[in-house]
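First listed ligand is number 1; within each ligand, the first listed atom is number 1. Note that the numbering runs from 1 along the sequence shown for the chain. All heavy atoms count here, side chains included; hydrogens, waters and symmetry mates do not.
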Amino acid sequence: MEQLIQQLKSQQNLPDEALQILIAHEGDDAPLFAAADEVRKERYGIDVFLRGLIEFTNICKNDCYYCGIRRSNAQAERYRLTPEEILSSCENGYQMGFRTFVLQGGEDPYYTDDAVCSLVEQIKAKYPDCAVTLSIGEKPRSSYQAYFDAGADRYLLRHETASNAHYRKLHPPELRLANRKRCLYDLKDIGFQVGAGFMVGSPGQTTRELIADLRFLQELKPDMIGIGPFIPHHQTPFAHEKQGTLELTLRMLSILRLMFPYALLPATTALGTISPIGRELGLKAGANVMMPNLTPIRAKKHYDLYDNKICMDEEAAKCHVCLEGRVRTSGYRVVSDRGDVRR
Ligand code: 5AD
Ligand code: FES
């Protein structure tokens, strides 16, 4: 095991059979975490970057089988933030030291390209020292270009799974892995810093699918890689599926750190949801980003992607204090910085 870890660390790559062993490893993962932490510290020191997440709409035209805000969930209480609410969330975050704002939402046709561009322009005008990240799904290339021209810096779009057959199990027929990939390559080509990623332990996922994810990421070379455990939502077709495990998610984080030393890797809210110390363990396994929520409470309660999501009733300021403490006691420090990738 130790030999495989050292090989992955020095070469950032391994044959499938060796990756398979690392991914499926049962037993003490401390040596893997330690190697990942070493690589992370060489590149990023003990810095942890914060992204202020603004979940500005939970209305979505898509129907992904895993997601609580899928269009078929008639019980979801739908909301949209007004531009004023979005801007005041940014102001709140700026005061707390955030230098990246992530506008995330369902694929909500109400927000036309012009509306998105106008939001981006207003935020960039008011906070020229901040990065603006969009996470609003699959769009034509021309839309992405318009967002970029309006000043957006980054775009998050998880590929969810790089296996076609597995993609079919997670999504209705109108959604295609090929289009997802097209979006990611367009975004990169336009000049965005790009984030991809996948859920760990989603229904039907095996080690083989995880290796396909790693191979796809080697090809795409995204700046950020967001992973978190799959967690069932009770009003979806996957209500009774098993959730992804803490152990596998942490191992995947470490493997990603070793394969992509430069990458921005968030310790995600989903990881914090399956274990009270999930995010701390994520940091120690190689993660270097956290994405606290700036969405006003009245809305964020309804951004319900999976069951038991944490921090649904906490003010942003409370989460900020809480997170700083968690980062510090894990041996890292929160920095007030855009947190650009270090290639
Ligand atoms: N469990 C965990 N993660 C989920 N996501 C959506 N639904 C779930 C779920 N049930 C993730 C997807 C999406 C991101 C915004 O949230 O990977 O890209
Ligand atoms: Fe929200 Fe701890 S991060 S309460």
Side-chain angles (χ1 to χ4, degrees), residues 48 50-58 60 62-70 73 76 96 102-107 133-138 155-162 166-167 170-171 175 180 183-184 195-203 205 213 224-246 249 266-280 282-283 290-295 297 300 303-330 334:
V48 173
L50 297 186
R51 306 340 194 170
L53 187 63
I54 303 170
E55 297 158 336
F56 70 101
T57 170
N58 73 347
C60 192
N62 290 337
D63 218 16
C64 308
Y65 303 146
Y66 45 83
C67 185
I69 64 168
R70 63 201 299 268
N73 183 5
M96 292 189 284
V102 182
L103 297 186
Q104 185 174 90
E107 290 195 19
T133 305
L134 294 174
S135 180
I136 53 176
E138 297 180 11
Y155 204 100
L156 305 182
L157 183 69
R158 289 189 180 178
H159 63 281
E160 312 296 359
T161 173
H166 189 220
Y167 203 87
L170 303 182
H171 303 95
L175 291 174
R180 200 79 173 176
C183 289
L184 284 162
F198 54 90
M199 290 176 287
V200 175
S202 59
Q205 183 187 65
D213 288 321
M224 187 186 243
I225 304 170
I227 69 165
F230 160 74
I231 304 171
H233 184 289
H234 63 287
Q235 288 152 350
T236 64
F238 290 164
H240 303 294
E241 300 288 340
K242 280 207 302 277
Q243 72 178 25
T245 67
L246 177 67
T249 308
T268 54
T269 305
L271 193 54
T273 297
I274 62 164
S275 158
I277 53 166
R279 288 167 296 175
E280 289 89 326
L283 293 176
M290 290 180 134
M291 302 179 64
N293 208 310
L294 293 176
T295 315
I297 292 177
K300 79 168 162 184
Y303 203 81
D304 197 9
L305 305 185
Y306 47 81
D307 287 342
N308 305 314
K309 194 173 166 208
I310 52 171
C311 303
M312 291 293 236
D313 296 308
E314 323 296 337
E315 293 286 352
K318 182 166 171 219
C319 287
H320 184 236
V321 172
C322 170
L323 273 189
E324 283 212 306
R326 288 172 186 262
V327 168
R328 199 171 339 105
T329 56
S330 308
V334 166

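In this structure, atom 17 (O) of ligand 1 lies nearest to the protein heavy atom Glu160 OE1, 2.7 Å. In terms of protein heavy atoms, atom 15 (C) of ligand 1 is closest to Leu305 CD1, 3.9 Å. The nearest protein atom to atom 10 (N) of ligand 1, hydrogens excluded, is given as Ile231 O, 2.7 Å; this is a heavy-atom distance. In terms of protein heavy-atom proximity, atom 7 (N) of ligand 1 is nearest to Tyr66 CD1, 3.4 Å.
Checked by atom type and distance alone, the side chain of Asp63 never pairs as donor or acceptor with a backbone atom of Arg70 at under 3.5 Å. Between the Thr161 side chain and the Tyr167 main chain, no donor and acceptor come within less than 3.5 Å of each other. Using a distance-only test at 3.5 Å, with no hydrogens or angles considered, no donor-acceptor pair links the side chain of Gln243 to the main chain of Pro229. A donor-acceptor distance shorter than 3.5 angstrom exists from the side chain of Ser135 to the backbone of Leu156, with no hydrogens or angles considered. Side-chain atoms of Glu324 never come within 3.5 Å of backbone atoms of His320 as a donor-acceptor pair (strictly under, hydrogens ignored).
Between Phe56 and Gly105, the closest heavy-atom pair is CE2-N, 3.9 Å.
Counting only heavy atoms from C-beta outward, the side chains of Met199 and Gln205 never approach each other to under 4.5 Å. Side-chain atoms of Asp304 and Asn58, non-hydrogen and from C-beta on, never get closer than 4.5 Å to each other.
The distance criterion of under 3.5 Å between nitrogen or oxygen atoms is not met by Phe230 with respect to ligand 1.
Protein atoms that are N, O or S and lie under 2.8 Å from atom 1 (Fe) of ligand 2 are these: Cys311 SG, Cys319 SG.
Listed by atom number, the atoms of ligand 2 under 4.0 Å from Arg279 heavy atoms are 3 (S). Under a 4.0 Å criterion applied to the non-hydrogen atoms of Arg158, ligand 1 contributes the atoms 11 (C), 12 (C), 17 (O), 18 (O).
Of the heavy atoms in Pro229, only backbone atoms (N, CA, C, O) come closer than 4.0 Å to ligand 1.
Across Met199, Glu55, Arg70, Lys309, heavy-atom proximity to atom 8 (C) of ligand 1 is greatest for Met199.
Between Glu55 and Lys300 there is no salt bridge, since no side-chain N of the basic residue sits under 4.0 Å from a carboxylate O of the acidic one.
Interatomic distance, Leu157 CG to His159 NE2, rounded to the nearest 0.5 Å: 10.0 Å.
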